2 protein chains.
Amino acid sequence: MDQKARDRAGVEQVEPGMAEKEGQRPTLKTIAFMTGLGVTTVSRALKDAPEIGEATRRRVQLVARQIGYRPNRAGVRLRTGKTNVISLILNTEDEVTGFLSDIIYGISEVLADTPYHLVVTPYSRTNDPLEPVRYVVETGSADGIIISRIEPDDPRVRYLVEHDFPFATHGRTAMGVEHAFHDYDNHAYAAEAVRTLGRAGRRRLALLPPPPTLTYYHETRNGFSEALLETGASEVPFPSAHLDLPLDRIRQHAADLMRRANRPDGIVCSGAGAAIALVAGIEEAGLTLGHDVDIVTKQSTQFLHWFRPQLFIAREDFSLAGRDLAIALLKRIGGADPKTLQTLSSPVWDGRPVDAPGNG
Amino acid sequence: MDQKARDRAGVEQVEPGMAEKEGQRPTLKTIAFMTGLGVTTVSRALKDAPEIGEATRRRVQLVARQIGYRPNRAGVRLRTGKTNVISLILNTEDEVTGFLSDIIYGISEVLADTPYHLVVTPYSRTNDPLEPVRYVVETGSADGIIISRIEPDDPRVRYLVEHDFPFATHGRTAMGVEHAFHDYDNHAYAAEAVRTLGRAGRRRLALLPPPPTLTYYHETRNGFSEALLETGASEVPFPSAHLDLPLDRIRQHAADLMRRANRPDGIVCSGAGAAIALVAGIEEAGLTLGHDVDIVTKQSTQFLHWFRPQLFIAREDFSLAGRDLAIALLKRIGGADPKTLQTLSSPVWDGRPVDAPGNG
DNA sequence: CTATCATTCTGCAACGTTTCAGATGATAAT
DNA sequence: ATTATCATCTGAAACGTTGCAGAATGATAG
């Protein structure tokens with residue numbers, strides 16, 4: 001834009017031509033000129049280096065503040081390799097339900113008080129999930145990475161650990177390697193969901209689980225199974241149904257399921273969008289939510305209980321996830337031990353009380 | 001991370017020490033060394049400059065591809081001022097309904113084939129909306145900006161035009177200044193919504209409009225009013241209700257409205273989340289959607305007709321908005337005339353057919 | 001009075017890129 | 001034979017920053 005103006009200025013060595021730089025963005029050189037100090041001194045003074053005199057330091061910082069000096073990111077990055085960028089890598093097809101917004105807001109909230117910028121890098125699920133991660137690491141285009149859709153044995157985690165690149169995951173792995181993560185306690189969620197249905201008198205339960213490749217599929221399933229044993233309820237298989245299916249497919253599957261002779265009287269569901277599709281399928285089969293069958297689900301936004309008040313609902317706070325992930329990643333970049341950067345968030349039950357009777 | 005290694009290498013002038021740079025990221029110097037050419041020649045060859053011989057150019061490009069050369073963004077940025085960054089500025093409190101995800105995906109889809117990165121910069125509605133825009137312009141931290149929540153007389157637009165900074169808006173202004181935008185045709189939407197309700201036999205219509213400060217409030221209201229005249233229906237005031245209220249407040253307002261003696265028999269609503277709240281309020285007042293009252297609304301995701309099949313629904317495609325905004329902005333950065341970068345997307349009606357009778 | 005030392009400040013060089021102003025031959029025009 | 005023109009190529013400089021090695025000053029010790 002104003003490149004020519006910049007090229008025009010500063011040709012002479014002796015007279016730095018600060019007059020022409022009037023409207024330009026101030027740099028260290030500007031401050032050096034104004035204070036009569038050297039550029040190096042100014043640079044050090046601004047970062048409170050010990051070899052700068054107290055008076056000088058204060059003077060420099062005052063001037064810098066006055067003229068609104070901001071370090072040039074490209075200069076810093078070129079010199080130090082530090083990008084001051086966090087890269088959020090996510091699936092194009094992921095989560096229609098607004099989950100992304102919350103996580104981004106959560107991350108931004110934390111980054112707002114730091115020099116960090118948030119770069120969002122989506123990739124299509126059809127492509128190699130490793131690709132965007134490799135890109136960031138190879139080009140050094142960020143100081144840290146946040147990834148989601150974590151698998152028990154995740155190639156991205158392996159790659160990042162191997163390259164000693166700071167990262168945090170939304171979800172856990174089972175690779176015997178410590179890394180920063182935030183996760184929702186899906187085990188607790190599924191178990192409590194089963195107990196809730198038990199209290200509602202439901203004994204024949206189905207599970208609409210996360211995609212089987214992901215870690216939290218197993219957590220969910222384990223929680224589900226353990227609580228089944230505990231409550232003495234039985235599982236009605238819900239074959240090949242999972243959260244990654246298009247909502248319309250889930251609706252179909254649900255309708256088919258509910259038309260079977262041995263249909264479930266309770267369903268544990270791991271996503272808000274899927275729960276809506278489930279209900280649609282149930283009603284398509286001529287059954288009534290809260291009467292013939294109960295559903296427990298998670299939600300991040302508030303309106304699910306307006307959709308059907310009969311739903312049992314646990315809250316999952318994605319902005320908390322974003323905040324925790326950002327905090328963990330920043331600490332990791334700062335060199336903290338990954339073991340100390342692992343958080344788990346517990347389900348909070350709201351909406352219909354968990355001990356209400358099943359008949360709505 | 002590997003900064004020390006980098007500092008270690010390349011001290012000698014004569015022998016460039018390419019051996020030690022083995023594991024390092026290739027730069028122009030690397031290619032220059034490998035091809036035996038000068039750095040300048042390599043730089044030019046890679047961007048198809050005319051003063052480079054055909055053979056040389058191909059040779060350089062081959063080597064570059066082989067070793068996986070990627071220009072260093074910081075280098076380019078420092079030298080040219082070009083950041084290859086698009087900044088998306090958005091409201092923290094905005095749109096619970098997943099609208100953000102779609103728009104980000106739309107933008108990313110376009111940027112994927114370019115060297116551009118997408119930086120997301122949220123700001124709280126309580127702060128100055130101008131602040132993040134000013135930051136980007138003053139620090140030159142992006143080549144272009146996308147903003148939303150556009151007002152008829154928008155200070156951000158004024159600022160950006162004054163500073164001749166490339167931008168595109170999601171929504172239109174009324175400032176008599178040409179700029180790149182993408183907008184949904186809310187005038188057409190509201191008008192068609194009124195006609196739809198008319199065909200359903202509804203004569204006493206209320207409008208749940210966008211926030212009154214935004215441009216599309218007026219578009220919506222004008223479309224609504226014009227179609228009222230056209231169809232001979234009358235308006236039932238729905239005072240102080242708009243989309244920016246918390247959903248629970250909207251529910252309350254709706255319940256109050258529907259308990260009034262002169263309650264509407266049709267409501268035009270400008271947002272999916274709000275429509276759900278409206279329905280909740282209506283049912284709270286003991287009335288039945290599709291019988292006592294009909295609602296027309298927009299949705300970006302698909303599940304609204306599962307919520308209540310009686311809803312009249314128009315689709316609003318936010319990923320299209322994202323794509324159009326990104327395309328327009330890139331062209332604007334390329335110097336295109338803003339007048340040629342303005343797109344309007346028409347409502348597409350789906351779900352319940354518009355000429356179905358009002359009784360569901 | 002010199003040597004040593006801490007304190008405080010400073011040039012220079014380099015990160016990777018592009019632009020500017022040539023340089024080098026070769027070929028064409030005079 | 002001399003000059004102009006052209007096609008290719010090149011080194012130096014600069015963008016803003018920080019690390020390194022060292023300079024200037026004064027103080028302390030020998």
Side-chain angles (χ1 to χ4, degrees), chain A residues 2-13 16-17 21 24-33 35-47 49-57 59-60 64 69-84 115 139-141, chain B residues 2-13 16-17 21 24-33 35-47 49-57 59-60 64 69-84 115 139-141:
Chain A
D2 42 14
Q3 181 58 23
K4 275 174 222 145
R6 207 187 304 170
D7 279 347
R8 186 161 25 79
V11 263
E12 320 86 330
Q13 283 282 83
K21 292 219 170 177
Q24 291 299 95
R25 217 183 126 192
T27 71
L28 290 180
K29 206 151 95 184
T30 317
I31 303 180
F33 178 77
T35 55
L37 295 164
V39 174
T40 306
T41 310
V42 173
S43 170
R44 283 161 135 61
L46 286 177
K47 42 177 52 69
E51 63 264 54
I52 302 296
E54 173 67 11
T56 310
R57 178 168 53 213
R59 196 157 60 92
V60 169
Y69 167 77
R70 305 247 197 186
N72 180 302
R73 310 191 112 234
V76 175
R77 182 164 168 177
L78 185 57
R79 175 63 232 238
T80 66
K82 175 124 178 110
T83 63
N84 286 311
T139 65
S141 62
Chain B
D2 42 15
Q3 180 57 23
K4 276 175 220 143
R6 208 187 304 169
D7 278 348
R8 187 160 24 79
V11 264
E12 320 86 329
Q13 283 282 83
K21 293 217 170 177
Q24 291 299 96
R25 219 183 125 193
T27 71
L28 289 181
K29 207 151 97 186
T30 318
I31 304 180
F33 178 76
T35 55
L37 296 165
V39 174
T40 305
T41 310
V42 173
S43 171
R44 281 155 134 65
L46 285 177
K47 42 177 51 69
E51 63 264 55
I52 301 298
E54 173 68 12
T56 310
R57 178 169 53 212
R59 196 157 61 91
V60 168
Y69 168 76
R70 306 249 196 185
N72 180 304
R73 313 191 111 232
V76 175
R77 182 164 169 178
L78 184 56
R79 174 63 233 238
T80 65
K82 175 120 177 113
T83 63
N84 285 311
T139 65
S141 62

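Chain letters run A, B, ... following the sequence lines, proteins first, then strands; residues in each count from 1. Keep in mind that what you see is a predicted model, and the values were worked out from it rather than measured.
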Problem - N-glycosidic conformation, dG26(D) - syn within 90 degrees of 0, else anti - result: anti
Handout entry: Audit row: R25(A), T139(B), side chain to side chain contact (heavy atoms under 4.5 Å, CB included) steps and yes/no
Key = CA-CA 8 Å; R25(A) 217 183 126 192; T139(B) 65; 4.2 Å; yes
Handout entry: Pair partner, dA13(C) [Watson-Crick or wobble, under 3.5 Å]
Key = dT18(D)
Exercise for the section: Using the P atom on both, measure dA14(D) against dG11(C) and round to a whole Å. Expected result: 16 Å
Practice task
Starting at atom CZ of R79(A), determine the distance to atom P of dC15(C), rounded to an integer number of angstrom.
Solution key: 9 Å
Handout entry: Protein-nucleotide distance (K29(A), atom NZ; dG11(C), atom P), rounded to Å
Key = 12 Å
Are any protein N/O atoms closer than 3.5 Å to N/O atoms in nucleotides 6-12 of chain D? If there are, list each pair with its distance.
unit_1, atom_1, unit_2, atom_2, d
dC9(D), OP1, T56(B), OG1, 2.6
dC9(D), OP2, G53(B), N, 2.9
dC9(D), OP2, T56(B), OG1, 3.0
dT10(D), OP2, G38(B), N, 2.7
dT10(D), OP2, T41(B), OG1, 2.5
dG11(D), N7, T40(B), OG1, 3.2
dG11(D), O6, T40(B), OG1, 2.8
dA12(D), N6, T40(B), OG1, 3.4

Practice task
Under the salt bridge (charged side-chain N to carboxylate O under 4.0 Å, His left out) rule, collect the residues that match up with E51(A), sequence neighbours excluded.
Solution key: R44(A)
Exercise for the section: Please test S141(A) against R70(B) for side chain to side chain contact (heavy atoms under 4.5 Å, CB included), starting from the C-alpha separation and ending with a verdict. Expected result: CA-CA 11 Å; S141(A) 62; R70(B) 306 249 196 185; over 6 Å; no
Fill in the blank from the handout: Heavy atoms of Y69(A) and L46(A) approach each other most closely as CE2-CD1, 3.6 Å
Exercise for the section: To the nearest Å, give me how far apart CZ (F33(A)) and P (dT10(C)) are. Expected result: 15 Å
Exercise for the section: Kindly say if T80(B) contacts the phosphate of dT18(C), meaning a side-chain N or O under 4.0 Å from OP1 or OP2. Expected result: no
Exercise for the section: Tell me whether the OP1 or OP2 atom of dT18(D) has a side-chain N or O from K47(A) closer than 4.0 Å. Expected result: yes
Practice task
Please state how far atom CG in N84(B) lies from atom P in dT17(C), giving the value in whole angstrom units.
Solution key: 13 Å
Practice task
Would you please name every residue forming a salt bridge (charged side-chain N to carboxylate O under 4.0 Å, His left out) with R59(A), sequence neighbours left out?
Solution key: none
Fill in the blank from the handout: note: Y69(A), atom OH; dG16(D), atom C1'; distance rounded to Å ~ 7 Å
Practice task
With V60(B) as reference, evaluate I31(B), L28(B), T41(B) under the side chain to side chain contact (heavy atoms under 4.5 Å, CB included) test and give the passing residue.
Solution key: I31(B)
Handout entry: Working for side chain to side chain contact (heavy atoms under 4.5 Å, CB included), residues T35(A) and V42(A)
Key = CA-CA 9 Å; T35(A) 55; V42(A) 173; 4.2 Å; yes
Problem - Separation of atom CD in Q24(A) from atom P in dC15(D), rounded to whole Å - result: 11 Å
Exercise for the section: Round to a whole Å and report the spacing from NZ of K82(A) to C1' of dC15(C). Expected result: 17 Å
Handout entry: Atom pair distance, as rounded to whole Å: CG in L78(A) and P in dT17(C)
Key = 9 Å
